[in-house]
Amino acid sequence: MAIAKMQKFNIITFNEYQDSLMEQLQDFQNVELFPAEYFYEDTSPVFSKMSDHPQEGEIEEQITEVRWTRKFLENYIPKLGMIEGLRQPIQRYTVRQLAEHAHTYDWKSTCESIRAIDKRLRTIEQERRELSTQEDELNIWRYFDEKPSILENFEHSVGMLGTLPANELTHFTQELGLLPTTYQEVIHQTNSTAYLLVMFHKENQRKVRELLTTVGFEEYHYPFESNPSEDLQEVKERIENFAHEEDELRTELKSKKEDYQALGLIAEYLEGLQLRIQSNQYLLSSNYALSLSGWVPVNESKQLIKSIEVATGKEYFLEFQEVKEEEIKEVPILLKNSKLVKPFENLVEMYSLPQYNELDPTPFMMPFYAMAFGMMVADFGYGLLMFLAIIIGKKIFHFKKGMESNLNFFAICAVPTMFWGLLYGNAFGYELPFQVLSTTEDITQILAISVIFGYLQILFALGMKVFILWKMHDEKLKAVLQGGSWIIFLLSLIPIVLGMTLFKEGPMMTIGIVGLIAGLVLVVIGGSLDGNTIAGKFGTGLYSLLDVTNYLGDLISYTRLMALGVAGGSIATAFNMIIGFLPIPVRFTLGIVLFAALHGLNMFLSYLSAYVHGIRLQYLEFFGKFYEGGGHAFKPFKTKEKFVEVISEKNKKQGEIK
């Protein structure tokens with residue numbers, strides 16, 4: 001339960017082993033690479049920085065193509081529901097298996113065929129839009145029974161199709177009727193436009209055209225061959241054929257679920273290959289050899305050697321170096337904790353990882369956080385329901401690592417939730433037959449427990465500060481004066497409280513006050529250690545006394561443990577009272593649904609509040625006493641695992657692939 005011990009390594013081998021070596025390191029999943037020139041102070045006479053890989057651009061294009069194809073298929077392949085998706089086993093592959101799949105599956109042809117389908121679908125969509133426009137146009141003229149081209153063949157007459165504003169139709173009809181040898185017919189009419197056939201003798205052409213210009217007539221030139229009704233039928237048939245072809249293409253795309261999944265493996269392989277290619281930025285090379293450096297956990301050194309030998313045989317030189325003092329801030333941090341503590345590492349990562357020369361605060365924070373979480377929910381029913389739901393859910397469903405870690409976190413927190421629920425005698429807002437503490441009658445006692453809990457955690461944090469300064473930093477004077485002084489101050493509060501309550505006649509009060517004064521004097525002396533001048537030491541010493549208010553504020557902050565626990569229980573009780581007022585028939589029908597909904601809401605809010613406020617107590621009241629942080633996470637050289645979970649050959653042999 002600590003920070004994994006790290007060491008640097010440097011590999012020198014022949015250039016011909018580069019690809020196999022990088023593949024083995026990626027499969028190993030336990031090294032973080034850094035530029036090889038940082039391993040040795042001077043490598044310039046032998047090695048130079050390796051140039052970019054010639055295939056980098058090509059691989060980037062292939063990744064783009066595969067990503068596009070998968071994204072395109074997502075629009076057509078039936079999606080699994082959330083429950084059905086969780087029932088699917090997690091896909092696990094090794095780097096070698098991904099490579100084998102990429103070399104046996106003709107993914108390029110698949111991408112090309114999907115591109116062709118996409119192009120055809122877009123062509124169909126464009127032609128359908130054009131045909132739809134033609135259909136609208138032909139619907140207007142469909143009642144004109146002749147071929148419009150016949151109007152161009154009259155010897156003594158003129159025939160025209162066209163439109164004019166509907167409000168001019170009456171005027172036009174009247175004026176046209178005054179002219180001899182003329183004819184007009186309304187083919188179609190809307191509120192705004194009239195669609196007309198106009199015919200007249202060529203002798204009247206000038207007068208008719210003047211009238212047409214006056215009323216705003218616009219001649220229409222029919223663009224098709226047959227009569228409108230026949231052309232309309234042809235257009236409809238073409239639209240129907242396109243729709244049928246489109247349905248066939250969409251059906252074909254829906255059937256490509258296996259190709260979609262296979263392309264996910266290809267994408268994972270290509271992105272892993274891209275990482276190996278981009279690793280050139282870390283390498284140094286000569287005419288015949290290459291140099292590669294990185295970080296590796298000390299306990300993985302033997303496995304690293306095995307991976308190197310798989311790639312290079314015995315043709316390599318490997319050197320390890322211990323972490324130097326000046327490299328402390330550069331060392332990547334990998335936390336190693338038990339299964340019980342590991343889910344709480346996320347809380348530390350959200351705040352800041354420890355530096356390499358610090359303690360991992362996770363195992364020390366975990367019991368305090370879990371107990372505080374349980375006290376803020378404090379309902380046996382809520383805790384039991386959460387615990388059983390997670391245990392059963394993990395048996396039925398398959399969760400990814402991150403989600404499984406979160407579920408384990410809440411399952412662990414559900415245990416102290418049940419404990420405090422039993423202590424308060426509270427389950428879904430109902431009082432249990434036994435109650436050690438009542439959330440309605442024992443508020444003062446619960447408040448005192450909350451403050452005592454905070455008091456103990458703060459003392460523990462100060463004890464850790466003393467340990468870190470004394471043991472790890474070898475600053476014994478600071479350990480006593482800056483950590484021990486506040487411990488004396490806080491411990492002095494115990495006899496003062498006892499003297500004010502249980503032992504009013506004894507020397508308790510005097511002992512407490514003397515200890516309090518002694519502690520504050522040591523606080524001033526300890527604060528002065530941070531000053532550079534006499535005046536500075538005096539000022540910083542006095543300034544450190546202001547932390548008294550901070551410690552009192554910290555203790556008050558823990559009253560939220562009581563407040564949230566009592567509030568959640570009171571809300572649950574209020575919900576039960578509301579349901580209890582319902583008539584019996586409604587109570588056992590709609591009331592059951594209402595009970596589940598209201599308590600589900602209260603449970604969600606209670607867990608959310610406990611999660612957030614529990615984090616706040618750890619970050620401010622606990623970490624603030626001893627913890628600095630500032631470390632950066634260990635980033636292993638491995639695939640990105642965007643599409644499948646990638647495990648090492650070692651884990652495969654141990655049976656991790658299902």
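Count residues from 1 along the sequence.
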> Does any non-hydrogen side-chain atom of Arg67 lie less than 4.5 Å from one of Lys642?
Replying inline: yes
Review point. Passes side-chain contact (heavy atoms from CB on, under 4.5 Å), Tyr455 versus Leu459? Steps please.
Key: CA-CA 6 Å; Tyr455 177 83; Leu459 276 177; 3.4 Å; yes
*What do you reckon, is CE of Met500 surrounded by more than 12 foreign heavy atoms closer than 6.0 Å?*
no
>> Ring-plane angle category for Phe489 and Trp486, please: parallel below 30°, perpendicular beyond 60°, tilted otherwise.
In response: perpendicular
Side chain proximity check, Ile3 to Leu334, heavy atoms < 4.5 angstrom
no
Practice item. Assess whether salt bridge (Lys or Arg N to Asp or Glu O under 4.0 Å) is satisfied between Glu621 and Arg616, documenting all intermediate values. Key: CA-CA 8 Å; Glu621 277 69 39; Arg616 183 194 180 281; 3.4 Å; yes
Q.
Donor-acceptor check, side chain of Gln29 to backbone of Val646, threshold 3.5 angstrom: yes or no?
A. yes
Worked verdict on Ser557 versus Leu617 for side-chain contact (heavy atoms from CB on, under 4.5 Å): CA-CA 8 Å; Ser557 292; Leu617 289 174; 4.1 Å; yes
* Asked: Does Ala479 offer a backbone N or O that forms a donor-acceptor pair with the side chain of Gln482 under 3.5 Å?
  -> no
- Query: Within the side chain of Asn602, is there an N or O that forms a donor-acceptor pair under 3.5 Å with the backbone of Gly568?
  - Reply: yes
Quiz item: Can you tell me if CE on Met577 sees more than 12 non-hydrogen neighbours from other groups inside 6.0 Å?
Solution: no
Exactly one of Ile452, Leu561, Val566, Thr559 clears side-chain contact (heavy atoms from CB on, under 4.5 Å) with Leu447, and that residue is Thr559
Open item on the list: Taking the side chain as everything from C-beta on, heavy atoms only, tell me whether Leu594 gets closer than 4.5 Å to Phe575.
Closed with: no
* Asked: Do the ring planes of Tyr76 and Phe72 sit parallel (below 30°), tilted (30 to 60°) or perpendicular (above 60°)?
  -> tilted
One should read off an interatomic distance between Phe595 CZ and Leu590 CG, to the nearest 0.5 angstrom, of 14.0 Å
Please check if the number of heavy atoms outside Glu258 that lie under 6.0 Å from its CD is greater than 12. no
Backbone of Gln355 reached by a side-chain donor or acceptor of Glu358 within 3.5 Å | yes
Q: Using a 4.5 Å cut-off on heavy atoms from C-beta on, say whether the side chain of Phe373 contacts that of Pro416.
A: no
Are Ile396 and Arg87 close enough that some pair of their side-chain heavy atoms sits under 4.5 Å apart? yes
So CZ of Phe380 and CH2 of Trp420: to nearest 0.5 Å the spacing works out to 16.0 Å
Looking at Glu252, is its backbone amide N or carbonyl O close enough to the side chain of Ser255 to form a donor-acceptor pair, meaning the two atoms are under 3.5 Å apart? yes
Next item on the list: Check for a donor-acceptor pair, side chain of His101 on one end and backbone N or O of Leu265 on the other, with a separation under 3.5 Å.
Entry: no
Are a donor atom and an acceptor atom from the side chains of Asn357 and His473 found within less than 3.5 Å of each other?
no
Charged tip of Lys625 within 45° of Tyr551 ring normal and under 6.0 Å:
yes
Give the intermediate values and the outcome of salt bridge (Lys or Arg N to Asp or Glu O under 4.0 Å) for residues Glu32 and Lys638.
-> CA-CA 9 Å; Glu32 178 179 323; Lys638 57 183 293 187; over 6 Å; no
Rounded to the nearest 0.5 Å, the CG atom of Asn408 sits from the SG atom of Cys413 at a distance of 11.0 Å
Is the closest basic N to carboxylate O distance between Lys640 and Glu268 below 4.0 Å? no
Is it the case that Glu74 and Tyr260 place a side-chain donor and acceptor less than 3.5 Å from each other?
yes
### Task
Could you tell me whether a side-chain N or O of Thr417 sits under 3.5 Å from a main-chain N or O of Gly383, the two making a donor and an acceptor?
no
Is a salt bridge present between Glu404 and Lys400, judged by a nitrogen-to-oxygen distance below 4.0 Å? no
| task | Using the side-chain contact (heavy atoms from CB on, under 4.5 Å) rule, take Ile511 and Val514 through it: C-alpha gap first, then chi angles, then the decisive distance, then the call. | result | CA-CA 5 Å; Ile511 294 173; Val514 171; 6.0 Å; no
| message | Run Phe28 and Glu649 through side-chain contact (heavy atoms from CB on, under 4.5 Å) and show every step you take. | response | CA-CA 8 Å; Phe28 178 48; Glu649 291 286 345; over 6 Å; no
For this output row, return yes or no: ring centroids of Tyr382 and Phe428 closer than 6.0 angstrom.
yes
* CG (Leu608) with more than 12 external heavy atoms under 6.0 Å -> yes
From the list Leu385, Leu407, Ile412, Asn406, side-chain contact (heavy atoms from CB on, under 4.5 Å) with Ile390 holds only for Leu407
Quiz item: Will you find, in the side chains of Glu645 and Tyr93, an N or O donor that is under 3.5 Å from an N or O acceptor?
Solution: no
Could you check whether the rings of Tyr607 and Phe410 sit parallel, tilted or perpendicular, using 30° and 60° as the cut-offs? perpendicular
- Is there a side-chain contact between Pro361 and Phe626 (heavy atoms, below 4.5 Å)? yes
Just checking, any donor-acceptor pair under 3.5 angstrom between side chains of Gln261 and Gln91?
-> no
Query raised in the report: Given side chains that start at C-beta, do those of Tyr627 and Ile468 come closer than 4.5 Å, heavy atoms only?
Result: no
Could you check whether any side-chain heavy atom of Val66 comes within less than 4.5 Å of a side-chain heavy atom of Thr69, counting everything from C-beta outward?
no
From the list Phe409, Tyr351, Tyr619, Phe622, ring pair (Phe, Tyr, Trp, His ring centres under 6.0 Å) partner of Tyr369 resolves to Phe409
Interatomic distance, CE@Met371 vs CE@Met376, rounded to 0.5 Å, equals 11.5 Å
May I ask you to decide if Glu330's main-chain N or O and His632's side chain share a donor-acceptor pair within less than 3.5 Å? yes
CG (Leu493) and CD1 (Ile488) are apart, to the nearest 0.5 Å, by 12.5 Å
Determine whether Trp295 and Phe634 satisfy the following criterion, ring-ring contact (aromatic ring centres under 6.0 Å, His included), listing intermediate values before the conclusion.
CA-CA 9 Å; Trp295 295 101; Phe634 178 71; 9.2 Å; no
When you look at Gln618 and Gln457, which way does the side-chain hydrogen bond (donor to acceptor under 3.5 Å, both in side chains) test go after all the steps? CA-CA 9 Å; Gln618 306 311 310; Gln457 186 174 14; 2.6 Å; yes
Under 3.5 Å side-chain donor-acceptor pair for Asp379 and Tyr424: no
task: Check for a donor-acceptor pair, side chain of Ser450 on one end and backbone N or O of Ile446 on the other, with a separation under 3.5 Å.
output: yes
- request: Assess the side chains of Asn299 and Lys336: does a donor N or O sit below 3.5 Å from an acceptor N or O?
  value: no
Side-chain donor-acceptor contact under 3.5 Å, Glu431 with Asn426: no
Rounding to 0.5 Å, atoms NZ (Lys465) and NZ (Lys478) come to a distance of 9.0 Å
query: Just by distance, with hydrogens left out, do Glu345 and Thr362 show a side-chain donor and acceptor under 3.5 Å apart?
result: no
task: Mark yes or no for whether Ser405, through its side chain, and Gly402, through its backbone, hold a donor-acceptor pair below 3.5 Å.
output: no
